[in-house]
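Scope of the values below: all heavy atoms of this structure, side chains included, with no hydrogens, waters or symmetry mates. Here the structure is a predicted model, which is why all the values come from computation and not from measurement.
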Amino acid sequence: MASSLLKVAVRGLSRCISLTTPPLRAISSSAPLRQGVPSSVWKLGRLNHVAIAVPDLEKATALYRDVLGAQVSATVPLPEHGVYTVFVELGNTKLELLHPLGEKSPIAGFLQKNKSGGMHHICIEVDDIKAAILALKAQNIRMLSAEPRIGAHGKPVMFLHPKDCDGVLVELEEA
């Protein structure tokens, strides 16, 4: 009796899961997932990079280039963002190494709290940053600046407040 009851429950649960979750292949594909976003608004794209704040940019660059064998960019100062950046190419995405530039650098504050550095933010591409900002503001997601700024790739970017994004600082970059 208990065995047949368990079989019925498992059958019902598996039917429920197959109706409410996309198949595993859809989750692992490179096509963007857009759950709950109207198709006519904007599209969430691929992961562009993961940014890591580092206290010693030369040491971190050498780790990825010399020890791990990755291709790394030259150091680029971005005074409008208060950072030096180095990009590490990984094939399917990039790492962005961040180091403070100037006393008002947001990375300096991050490194004061996290002396050995660590993950700072993730960057996700969007097809229309202005439409994305409007839609996210309508859902009470706070932005960290009034308008998009030009980011390290020369494209408009906007940072979303980490308290509205499950504790993760999210950067949107127009693709």
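- A131 and W42 make their closest contact through O-CD1, 3.7 Å (heavy atoms, listed as atom of the first residue, atom of the second, distance).
- Under a 3.5 Å cut-off, the side chain of T93 and the backbone N or O of L47 do form a donor-acceptor pair.
- Nearest heavy-atom pair across S116 and P55 is O-CD, 3.7 Å.
- No side-chain donor-acceptor contact under 3.5 Å links E173 and H49.
- Atoms NE2 and CG, from H99 and L97 in turn, are 11.0 Å apart once rounded to the nearest 0.5 Å.
- Between F87 and H153, the two ring planes are tilted [angle within 30° to 60°].
- Between A152 and E96, the shortest heavy-atom contact is CB-OE2, 3.9 Å.
- No side-chain heavy atom of N48 sits less than 4.5 Å from a side-chain heavy atom of I124.
- Taking 4.5 Å as the limit, some side-chain heavy atom of I133 sits within range of a side-chain heavy atom of P148.
- Salt bridge E125/R46: present, at least one basic N to carboxylate O contact under 4.0 Å.
- By the 4.5 Å heavy-atom criterion applied to side chains, D128 and K130 are counted as neighbours.
- Between L101 and P77, the shortest heavy-atom distance links the atoms CD2-CB, 4.0 Å.
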Ignoring hydrogens and angles, write down the donor-acceptor pairs under 3.5 Å from the side chains of residues 56-65, residues two or more places apart or on other chains.
residue	atom	partner	partner atom	Å
D56	OD1	E58	N	3.2
D56	OD1	K59	N	3.0
T61	OG1	L57	O	2.8

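- Atom CG of residue D164 and atom CG of residue L144 lie 9.0 Å apart, to the nearest 0.5 angstrom.
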Would you list the atom pairs, donor with acceptor, under 3.5 Å between side chains in residues 156-163 and any protein atom, with sequence neighbours excluded?
residue	atom	partner	partner atom	Å
H161	ND1	K163	N	3.0

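- Closest heavy-atom contact between I107 and A53: CG2-CB, 4.0 Å.
- The two atoms that bring V168 and M119 nearest to each other are CG1-CE, 4.5 Å, heavy atoms only.
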